[in-house]
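A short write-up of the structure that comes next.
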Amino acid sequence: MFHFTVVFSLLIVLISGCSVNPVTGKREFTLVSEAQEISIGQKQYLPSRQMQGGVYRVDPDLTRYVNQVGHRLAAVSDRKLPYEFVVLNNSVPNAWALPGGKIAVNRGLLLELGSEAELAAVLGHEIVHAAARHGAKGMERGMLLQGVILATGIAARDSDYANLAVGGAQLAASLLNQKYGREAERQSDLYGTEYMKRAGYDPQAAVALQETFVRLSKDRKSNWFSGLFSSHPPSQERVENNRATIQRLGAGGEMGKQRYLKKIARIRKTKPAYDAYDQGRKALAKNDFRKAFSLAKKALAIEPQEGHFYALRGDAFYTQHRYRDALASYNRAVKLNSEFFHYFVQRGLTRQELGDALGAQIDLEKSTRLLPTATALNGLGELALQRRDRRSAVEYFRAAAGSKSDPGRKAARSLVLLDLPQNPGRYLKTRPGLNRSGYLMTEVANPTSVSVNRIELIIQYPDESGRMRQFSEYVHGTIPSGRTIRVKTRLGPIADRALLRNIRIIVSRASIVN
């Protein structure tokens, strides 16, 4: 009966949610409405951009140009959405689309294209992903599999920051990590090429672009496989499909090669600076400070208007505990770009080290408005502890603990130390059972990072008249971190195991072992 009810309910949802896809013309069920698509895209666009390096701000004209090309294609698309197009400050060749028409292309991909028509091929492809609801359908599949909308904290590709994201920003990481199926890629190639033709571009560029991608995939270039190829795998089949589309549409139209090369002139000229920056990040991760400083200096000599380069230098100073030098570098980064979360996180942590609690608070809060991260929230928790604001500290640490990063784990430990003695039942888990003699046993699990002792359990059970009674049971000894012990209680013998459903075991007291 239950199985029939669930299936019947699901069929009602599917039937009531049917609609016509504006791109393909096919009927399909929908669980995410257009208004929800647009809302999700709007809310996740900022954290998505932040996780991918932020907006490329050194040359605003480049983003204006990409936006113009994008809207030229969007004007001839089959679905009218509030499209937006932006260039991200990221060297990995990639582009992506969020539900609702929010589209981004990385600086690194623009360097690999040779004409405006090739840019149109990329943007047209991403427009179709949004217009044909490919991202929304991916969310719907997750809803059917899980029964509810659930944002999982999956680290987004080509991002150093996604694993730090917490709260609602984890949905952005999940959407960016989404891989499209073969049919979705085929549709985006087909209709994206049609949009190119309608907008006046030569669709031959779509074929040339796919041929380039196939050639690069054979070279196994790691940056491509961590970017565009991860979500849009190239194939000879896609090349042939594009050729067949052009046979039907006919070749001819704008290529815009010279115009495109003129627009990307600055990022081509400064590519060695960003190469040095990327190498400097790797050097810093290995604590090779001399190399990191040298590469930051080289990058700044080529492009002194890039905040990322000052932040690299600041991060190297910070890691060496040279906080005043770090602060000067972060100040320069913020002056050049006041809309990138990482600069504010690091400047806030630096000010905290220098004893400027108010300045640290302001910077860390600003960073969380751009992208909520475990790093900033953990720092805010520590500042709250300094003010003896236990309630705020608990809230900050709990939010930060949602990340599996080092700051997240640090916050989780601080949360346990602060909150477990007052609320042990939130952290220690119990499960009832019976021993061979029919007496109530309970497992007490300690999944935290600390050892605990002096544990008191309250056992609530119904007597023969159905009235709830309770008694206390004490756990002797220590439960180490990550361990589970079994405790025999005085309740029993119990003849019917079904009665276990009516028994509650509450951890009422526990102490942390220093």
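FYI, the numbering just counts along the sequence from 1. In this text, all values refer to a predicted model and were calculated from it rather than measured experimentally. We use all heavy atoms of the structure for the numbers below, so side chains are in, but hydrogens, waters and symmetry mates are not.
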Notebook entry, point to check: Does F85 offer a backbone N or O that forms a donor-acceptor pair with the side chain of N67 under 3.5 Å?
Noted result: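 Answer holds: yes.
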Notebook entry, point to check: Between N446 (side chain) and T448 (backbone), is there a donor-acceptor pair under 3.5 Å?
Noted result: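 Yes, because the side chain of N446 sits within donor-acceptor range (under 3.5 Å) of the backbone of T448.
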Note to self: Give me the atom names and distance for the closest heavy-atom approach of S338 to F344.
What the structure shows: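 Closest approach of S338 to F344, heavy atoms only: O-CE1, 3.4 Å.
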Margin query: Name the residue from Q44, H129, Q42 that meets the side chain to side chain contact (heavy atoms under 4.5 Å, CB included) definition with L98.
Written below: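 Passing option: Q44.
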Item checked: Any side-chain heavy-atom pair of L109 and V122 under 4.5 Å ->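 Answer yes - side chains close enough.
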Heavy atoms of other groups near [X] [atom1], more than 12 under 6.0 Å:
| X | atom1 | result |
| --- | --- | --- |
| K80 | NZ | yes |
| R483 | CZ | no |
| R409 | CZ | yes |
| R57 | CZ | yes |
| K366 | NZ | yes |

Check: Under a 4.0 Å N-O cut-off, is there an ion pair linking D325 with R322?
Finding: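 Here D325 pairs with R322 in a salt bridge, since their nearest N and O are under 4.0 Å apart.
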Notebook entry, point to check: Strictly under 6.0 Å, is that where the ring centroids of Y323 and Y318 end up?
Noted result: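 When the ring centroids of Y323 and Y318 are compared, they turn out to be within the sub-6.0 Å range.
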Item checked: Y56 and Y274 aromatic ring geometry - parallel, tilted or perpendicular at 30°/60° bounds ->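 Judged by the thresholds at 30° and 60°, the geometry between Y274 and Y56 is perpendicular.
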Item checked: Ring-face cation of R72 near Y201 (centre distance under 6.0 Å, axis angle within 45°) ->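 Judged by the rule (NZ or CZ under 6.0 Å from the ring centre, within 45° of its axis), R72 counts as positioned above Y201.
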Next item on the list: Would you sort out whether H125 and E185 count as a side-chain hydrogen bond (donor to acceptor under 3.5 Å, both in side chains), showing the intermediate values?
Entry: CA-CA 8 Å; H125 185 99; E185 290 298 329; 2.9 Å; yes
Next item on the list: Check step by step if side-chain hydrogen bond (donor to acceptor under 3.5 Å, both in side chains) holds for H308 and Y343.
Entry: CA-CA 8 Å; H308 280 14; Y343 306 161; 2.6 Å; yes
Margin query: Could you go through S91 and D278, starting from their C-alpha distance and side-chain angles, then the distance that decides it, and tell me whether this counts as side-chain hydrogen bond (donor to acceptor under 3.5 Å, both in side chains)?
Written below: CA-CA 8 Å; S91 298; D278 294 335; 2.7 Å; yes
Checklist line | Q346 vs R351, side-chain hydrogen bond (donor to acceptor under 3.5 Å, both in side chains): CA-CA, chis, key distance, verdict | finding: CA-CA 9 Å; Q346 292 302 115; R351 284 176 162 170; over 6 Å; no
